[in-house]
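Values reported hereafter were calculated over all heavy atoms of this structure, with side chains retained and with hydrogens, waters and symmetry mates removed.
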There are 2 protein chains.
Amino acid sequence: MNNRQPVYLKLFETIAHAILDGKYQDGDLLPSVRSFASEQGANPLTVAKAYQLFQDRGLVTVRRGVGLFVADGAVQKLKADERQNFIDNIWPDVDKHMRRIGISAADLMKSET
Amino acid sequence: MNNRQPVYLKLFETIAHAILDGKYQDGDLLPSVRSFASEQGANPLTVAKAYQLFQDRGLVTVRRGVGLFVADGAVQKLKADERQNFIDNIWPDVDKHMRRIGISAADLMKSET
DNA sequence: CCTACTGTATTATGCCACTCATGCAGCATG
DNA sequence: CATGCTGCATGAGTGGCATAATACAGTAGG
């Protein structure tokens, strides 16, 4: 029903994960709008919209005519932001949901690794 | 991040939570489409759409002209469905996200009551 | 300078999920 | 039968998203 996460948000996550996983580090050049678009089978403007989100957060610096670069301290900042967002917004809901259906975090840890 | 959750899904969750919390039990009459709509400040058809999801899952029985009733075994079935959905769909994503940002389930359990 | 690459602004168009207003159909009660 | 409640089918409007076709601005390298 709701497979409908917008493409530009999926692209944002794809990039964010690549950064968090260390594929791109501070100062690295990100794929160009057009190349990443063709690589992902998306429209360049949709990619630009995803990149815009990084700019809004100050995670990339634009060198017009050259490309987009991971800003200084962006990796750390992105990770910190994601952690804070998880603790403040995501986990409370997940925790509530778990309590409601009677699953504890301890239960889940047993069936891991 | 997602304020974009449709109203009818929020309403579905509201009802589901009420059932899981024991407010409505097997055989109980659910609020009518119109009364629940005015109570929630929503459109009756949006409420109907939420109720439709329960019908699709066989969780309610319809008595046209009378109302919607919680089906026999619905409470148990809903709980089982929610658990399965959590384990299959929700938790894997949450777990992946946690690993990526370096938070373990053990970390979260420390800061809980 | 010229070419080829960068990001970006503009405008237009099609699409689809969501929401809602209206009206109809079924049942209980007096 | 009449009233007043139920759920529900139909159709229309809205807004966000994605795409497209251009065009422009900035930079690097031959």
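For the pair Leu30(A) CG and dT6(C) P, the interatomic distance rounds to 13 Å; values are reported in whole Å. Note: NZ (Lys10(B)) to P (dC18(C)) measures 12 Å, nearest angstrom. The interatomic distance linking Ile15(B) (CD1) with dG7(D) (P) rounds to 11 Å, in whole Å. Straight-line distance from the CG atom of Leu68(B) to the P atom of dC27(C): 14 Å, rounded to whole Å. Nucleotide dT6(C) holds its P atom 14 Å from the CZ atom of Phe36(A), rounded to whole Å.
Within the nucleic acid shown, Gln52(A) has no heavy atom closer than 4.0 Å to any nucleic acid atom. Residue contacts shown for Tyr8(A) are limited to sugar-phosphate atoms, with no base heavy atom under 4.0 Å away.
Closest contact between the side chain of Asn43(B) and the listed nucleotides dC20(C), dT19(C), dT8(C) involves dC20(C). The side chain of Arg4(A) lies closest to dA17(C), out of dA17(C), dG7(D), dT19(D).
Gln55(A) has a side-chain polar atom (N or O) that falls below the 4.0 Å cut-off from OP1 or OP2 of dT8(C). The phosphate of dC5(C) has neither OP1 nor OP2 within less than 4.0 Å of any side-chain N or O from Ser32(A).
Grouping the Ile, Leu, Val, Met, Phe, Trp and Tyr side chains by contacts below 4.5 angstrom, directly or via other members, places Leu29(A) apart from Val47(A). Linking ILVMFWY side-chain heavy atoms closer than 4.5 Å, directly or via other members, places Val66(B) and Phe36(B) in two distinct hydrophobic clusters.
Nearest-nucleotide positions on DNA chain D for Lys49(A) and Tyr51(B) put Tyr51(B) closer to the 5' end.
Formation of a donor-acceptor pair under 3.5 Å by the Arg63(B) side chain with backbone atoms of Phe69(B) is not found in this model. Put simply, the side chain of Asn85(A) never gets that close to the backbone of Ile90(A): no donor and acceptor are under 3.5 Å apart. With hydrogens and angles ignored, the 3.5 Å screen pairs a side-chain donor or acceptor of Arg83(B) with a backbone N or O of Gly102(A).
Shown here for Arg57(B) and Leu78(B), the closest heavy-atom pair between the two residues is NH1-CD1, 4.5 Å.
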*Treat primed atoms plus P, OP1 and OP2 as sugar-phosphate and everything else as base, then score nucleotides 22-30 of chain D 5' to 3': B for base contact with protein heavy atoms under 4.0 Å, S for sugar-phosphate contact only, - for none.*
-B-BBSS--

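With sequence neighbours excluded, the residues satisfying ring-ring contact (aromatic ring centres under 6.0 Å, His included) with Phe86(A) are His97(B).
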